[in-house]
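Structure record follows, encoded as structure tokens.
Small disclaimer: the values here were computed from a predicted structure and weren't measured. First the proteins, then the strands, lettered A, B, ... as listed; each starts at 1.
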Amino acid sequence: MPTVSMTVNGKSVGKTVEDRTLLVQFLRQDLGLTGTHVGCDTSQCGACVVDVNGHAVKACTLLAAQTEGARVTTIEGLAAADGALHPMQQAFMDNHALQCGFCTPGMVMSAVDLLKRHPNPDEQTIRRELEGNLCRCTGYHNIVKAVQQAAKAMAR
Amino acid sequence: MYNFAYHRPGSLAEAERKLKAAADGRLLAGGQTLLPTLKQRLAKPSDLIDIGRLAELSFIKADGRSVQIGATTRHATVAASAEVRKAIPALAKLAGGIGDPQVRNMGTIGGSLANSDPAADYPAAVLALGATIHTTERAIAADDFFKGLFETALKPGEIIKSVSFPVPEKAGYMKFAQPASRFCMVGVFVCKAGSGVRVAVTGAGPCAFRQSAMEKALASNFSAAAIESVKVSPAGLNADIHCSAEYRAHLVGVMARRALTEANG
């Protein structure tokens, strides 16, 4: 069994895991970071999106061993050390961009990623960029508004 | 998912050795098809050889006449490449429309081609642009590469190193995406080059194929109007819960005309 080491939310971690361990299992079961969700388990819903070396990926479709040495950020790593929410988290709250909340961790991680590539996105861009994240409650409308608010807040 | 032995070789040569030594080894590049396949227990390889981080397989080189893309170059990298966007904008657009942003951050061109999913995007570009697939053993012309459903000319142990695309005069790509998976119900890539006109269809048959009736019609007039009267037969086309063979045949015409409009735009 391989030993995998990586930096998760700024902390160095290392564990011996089965070869077949998925990154999402490693985060949830080995590290107890249950903010990253498993929704569809078939790479479609995006509830498991995390950031690996600066890129949003689906943690259910990646082996923990593939991220050896990587810098990983999960939803738990977004807020500041003093607990102040990331502007995207705050914008989701302010705009009621969630109902049941199951998709929210992945949605927020994908939204943060999309602003890196599109700092001032229009509605169409936001909807296209969030194609890999499914929400069955909101109809996406308030999610789009939240991303636009966060874009403005982060541009300041 | 059944367990397997995971390996991450440090070079292509080591990957070749590990692949040949394994009882039933599979290469892991981006894993965006392989891992879902394993999770459904549709495959049970003894070993996974991870080539996804081999720097020697990840590059884009353009020299004005051709664009060469390393096998493990991610879809997102191709989509964002200034060189690809300048030389073959339709290819960058195709890469930017595969799956979703997270899949594009992992999925690779070599993985897509080696898998030859009937609904994958890249095979249409490779076939229409007349690309060459360079492997650890030889160079394979696109026309000789796709053999059938998930079947290619690759031999056991053979690894794709790169793909070289001749730069065309004009090219366009349009797909009708399955709304949940973003795979192609039908995708059509059209290309006009010094060597002639090529039209390739993906999503409609067991693997990507050329549409010769359209190629003939477009030879003297590379426009959407020139293929208005070309009939596409549904015989042999895929049919599933999402789309009948007749509807796919219809979409081949619609997507081809839209791709031509884009190529001429």
Side-chain angles (χ1 to χ4, degrees), chain A residues 1-4 16-25 38 40-70 106-107 109-118 121 125-134 136, chain B residues 1-10 22 25-54 72 74-77 79-80 93 96-108 111 177-183:
Chain A
M1 295 206 297
T3 299
V4 294
T16 301
V17 298
E18 275 193 307
D19 300 58
R20 62 180 166 178
T21 304
L22 297 167
L23 178 62
V24 73
Q25 295 170 323
V38 178
C40 67
D41 205 21
T42 55
S43 334
Q44 301 193 44
C45 81
C48 65
V49 170
V50 300
D51 183 294
V52 174
N53 292 335
H55 300 291
V57 298
K58 293 186 169 174
C60 81
T61 310
L62 189 67
L63 298 172
Q66 282 175 280
T67 53
E68 167 68 30
M107 199 66 83
M109 295 307 291
S110 291
V112 169
D113 179 69
L114 92 81
L115 287 189
K116 280 192 259 173
R117 283 170 289 116
H118 305 280
T125 302
I126 295 169
R127 289 182 183 272
R128 193 186 65 235
E129 285 287 325
L130 291 177
E131 276 178 351
N133 293 77
L134 302 182
R136 302 292 78 174
Chain B
M1 183 156 50
Y2 299 111
N3 208 4
F4 45 77
Y6 171 87
H7 311 272
R8 190 173 50 251
R26 292 285 295 271
L27 294 171
L28 174 65
Q32 298 303 286
T33 296
L34 181 57
L35 291 174
T37 304
L38 296 182
K39 289 202 291 186
Q40 291 178 73
R41 296 192 168 180
L42 294 172
K44 193 183 177 185
S46 60
D47 299 75
L48 286 194
I49 293 104
D50 184 0
I51 56 169
R53 287 158 72 171
L54 289 180
T72 62
R74 316 277 162 179
H75 306 326
T77 308
K93 180 201 156 184
I98 297 172
D100 55 50
Q102 296 80 28
V103 168
R104 293 195 287 275
N105 279 338
M106 285 303 298
T108 69
Q178 210 280 344
S181 69
R182 312 283 163 194
F183 270 108

Minimum-distance pair of heavy atoms, taken over all atoms of B:P101 and A:E129:
CG-O, 3.2 Å

Treating B:N3 as the side-chain partner and A:R20 as the backbone partner, does any N or O pair qualify as donor plus acceptor under 3.5 Å?
yes

With a 4.5 angstrom heavy-atom cut-off, is it the side chain or the backbone of B:L28 that approaches chain A, or both, or neither?
side chain

Name the region of B:L48, side chain, backbone, both or neither, that has any atom closer than 4.5 Å to a heavy atom of chain A.
side chain

Short side-chain to backbone donor-acceptor contact, B:Q102 and A:G46, under 3.5 Å:
no

Chain B contact via A:C45 - side chain, backbone, both or neither, heavy atoms under 4.5 Å
neither

Give a yes or no on this: more than 12 heavy atoms of other residues, nucleotides or ligands lie within 6.0 Å of atom NZ of B:K44.
no

Side chain to side chain contact (heavy atoms under 4.5 Å, CB included), that's the test. Do A:L62 and B:M106 meet it? Break it down for me.
CA-CA 9 Å; A:L62 189 67; B:M106 285 303 298; 3.2 Å; yes

Going from CZ on B:R53 to CG on A:N53, what distance comes out if it is rounded to the nearest 0.5 angstrom?
7.5 Å

Once rounded to the nearest 0.5 Å, what's the spacing between atom OH of B:Y6 and atom CD of A:E18?
15.5 Å

Need one label for A:V57: side chain, backbone, both or neither, based on atoms under 4.5 Å from any heavy atom in chain B.
both

Could you tell me the separation between the CZ atom of B:R104 and the NE2 atom of A:H55, rounded to the nearest 0.5 Å?
13.5 Å

Give a yes or no on whether the backbone of A:T42 and the side-chain of B:K39 come within a donor-acceptor separation of less than 3.5 Å.
no

For the pair B:R8 (side chain) and A:A65 (backbone), establish whether a donor and an acceptor sit closer than 3.5 Å, ignoring hydrogens and angles.
yes

Given a strict heavy-atom distance threshold of 4.5 Å, which part of B:R182 is in contact with chain A: side chain, backbone, both, or neither?
side chain

In this structure, CG of A:L130 is separated from CG of B:D100 (nearest 0.5 Å) by 10.0 Å

Taking all heavy atoms of A:L63 and all of B:M1, pick out the closest pair and write down the distance.
CD2-CE, 4.3 Å

